Amino acid sequence: AMDGLVSNFALMSGVAGGSDDSGTVVLAGLAGLAAGAFSMAAGEYTSVATETELTLAEIEVERRELLTRPKAEQRELAEMLMSDGVEPELAAKVAAQLSRDPDRALDIHVRAELGVDPNDLPSPRVAAVASFVSFSAGALLPVLPYLFGATSLWPAAVVAVLGLFLTGGLT
């Protein structure tokens, strides 16, 4: 939202500095809103999709290790438990018990080694929509005074500053 607000206000300021036509400023503001929102959404989608694909690939590596080296992975789990303060004998028993269920063992290894919940990976679509909506909301703020009849940049500047304080406070 802050990115949308700042970048769109800066764009509108540049256009307002070169034109006395408030319609041109509105058009620039709406074009900046659309361009920025789509750009941010595409970037966020790509970023989250790449991160999720990388995480899934790392989970597959861990799955293969559990299949091809079950004893070594069980020892690794026991070592993780011991590093958390579990006594060695108990850690070995717990690791053996948890390793009996391959899905449970994979879940534990992924959480401990990769730091992620394999059942709760981020959605690229949700991230893209959230980015699109929040950027649009911020970018719309400096356009609003013009849509309500303002003919100079000052009302947009006031709304932009208030929007920055509001979003900063919420953050």
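None of these values were measured; they are calculated from a predicted model.
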Enquirer: Measuring from Leu77:CG to Glu113:CD, what's the distance to the nearest 0.5 Å?
Expert: 9.0 Å
Enquirer: Does any N or O in the side chain of Ser39 come within less than 3.5 Å of the main-chain N or O of Ala35, such that one atom is a donor and the other an acceptor?
Expert: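 It does not hold such a pair.
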Enquirer: Between atom CG of Asp101 and atom CD1 of Ile108, what is the distance when rounded to the nearest 0.5 Å?
Expert: 8.5 Å
Enquirer: What are the two closest heavy atoms between Ala1 and Thr167, and how far apart are they?
Expert: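 The answer is CB-CG2, 4.3 Å.
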Enquirer: Is it true that, when you exclude Arg111 itself, more than 12 heavy atoms of the residues, nucleotides or ligands shown sit nearer than 6.0 Å to its CZ?
Expert: yes
Enquirer: At what distance, to the nearest 0.5 angstrom, does CD of Glu73 lie from CG of Leu66?
Expert: 5.0 Å
Enquirer: Working to the nearest 0.5 Å, report the span between CG of Leu33 and OG of Ser7.
Expert: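 Here the interatomic distance stands at 9.0 Å.
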Enquirer: Should Met82 and Met80 be counted in the same cluster of Ile, Leu, Val, Met, Phe, Trp and Tyr side chains packed under 4.5 Å apart?
Expert: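 In one cluster with Met82: Met80, no.
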Enquirer: So which pairs with a foot in residues 95-128 pass ring-ring contact (aromatic ring centres under 6.0 Å, His included), sequence neighbours left out?
Expert: none
Enquirer: Side-chain heavy atoms nearer than 4.5 Å, only ILVMFWY residues, links allowed to pass through others: does that put Val6 and Leu30 together?
Expert: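 Yes, it is one cluster - the side chains of Val6 and Leu30 are joined through contacts under 4.5 Å.
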Enquirer: Can Thr50 and Thr46 be said to form a side-chain contact (heavy atoms from CB on, under 4.5 Å), step by step?
Expert: CA-CA 6 Å; Thr50 301; Thr46 302; 4.2 Å; yes
Enquirer: Under 3.5 Å, which donor-acceptor pairs link side chains of residues 136-164 to any protein atom two or more places apart or in another chain?
Expert:
residue: Ser136; atom: OG; partner: Phe132; partner atom: O; Å: 2.8
residue: Tyr146; atom: OH; partner: Ser152; partner atom: O; Å: 3.3
residue: Tyr146; atom: OH; partner: Leu153; partner atom: N; Å: 3.3

Enquirer: Between Thr52 and Pro122 (side chain of the first, backbone of the second, donor and acceptor by atom type, cut-off under 3.5 Å), is there such a pair?
Expert: yes
Enquirer: How long is the straight-line distance from CG of Leu67 back to CD of Glu65, given to the nearest 0.5 Å?
Expert: 10.5 Å
Enquirer: For Ala96, give me all partners under side chain to side chain contact (heavy atoms under 4.5 Å, CB included), at least two apart in sequence or on another chain.
Expert: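 With sequence neighbours excluded, Ala96 shows a side chain to side chain contact (heavy atoms under 4.5 Å, CB included) to Gln74, given in chain and number order.
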Enquirer: Working to the nearest 0.5 angstrom, can you tell me the gap between Arg63 CZ and Asp103 CG?
Expert: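 Result: 7.0 Å between the selected atoms.
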Enquirer: Is it true that, when you exclude Asp117 itself, more than 12 heavy atoms of the residues, nucleotides or ligands shown sit nearer than 6.0 Å to its CG?
Expert: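 Yes, the 6.0 Å shell around CG holds more than 12 heavy atoms from other groups.
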Enquirer: Taking all atoms of both residues into account, what is the closest heavy-atom pair of Ala105 and Ser99, and its distance?
Expert: CB-CA, 4.0 Å
Enquirer: Looking at Met12 and Gly29, what are the two nearest heavy atoms and their distance?
Expert: CG-CA, 3.6 Å
Enquirer: Show the nearest heavy-atom pair for residues Pro118 and Leu121, with the distance to one decimal.
Expert: O-CG, 4.0 Å
Enquirer: Under 3.5 Å, side chain of Ser19 to main-chain N/O of Val15, donor-acceptor pair present?
Expert: no
Enquirer: Could you report the tightest heavy-atom contact between Ala127 and Glu44, atom names first, then the distance?
Expert: O-CG, 3.5 Å
Enquirer: Quick check against the 3.5 Å criterion: does Ser47 have a side-chain atom that pairs as donor or acceptor with the backbone of Gly43?
Expert: no
Enquirer: For residues Leu5 and Met2: do they belong to one hydrophobic cluster (side chain heavy atoms under 4.5 Å, members Ile, Leu, Val, Met, Phe, Trp, Tyr)?
Expert: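 In one cluster with Leu5: Met2, yes.
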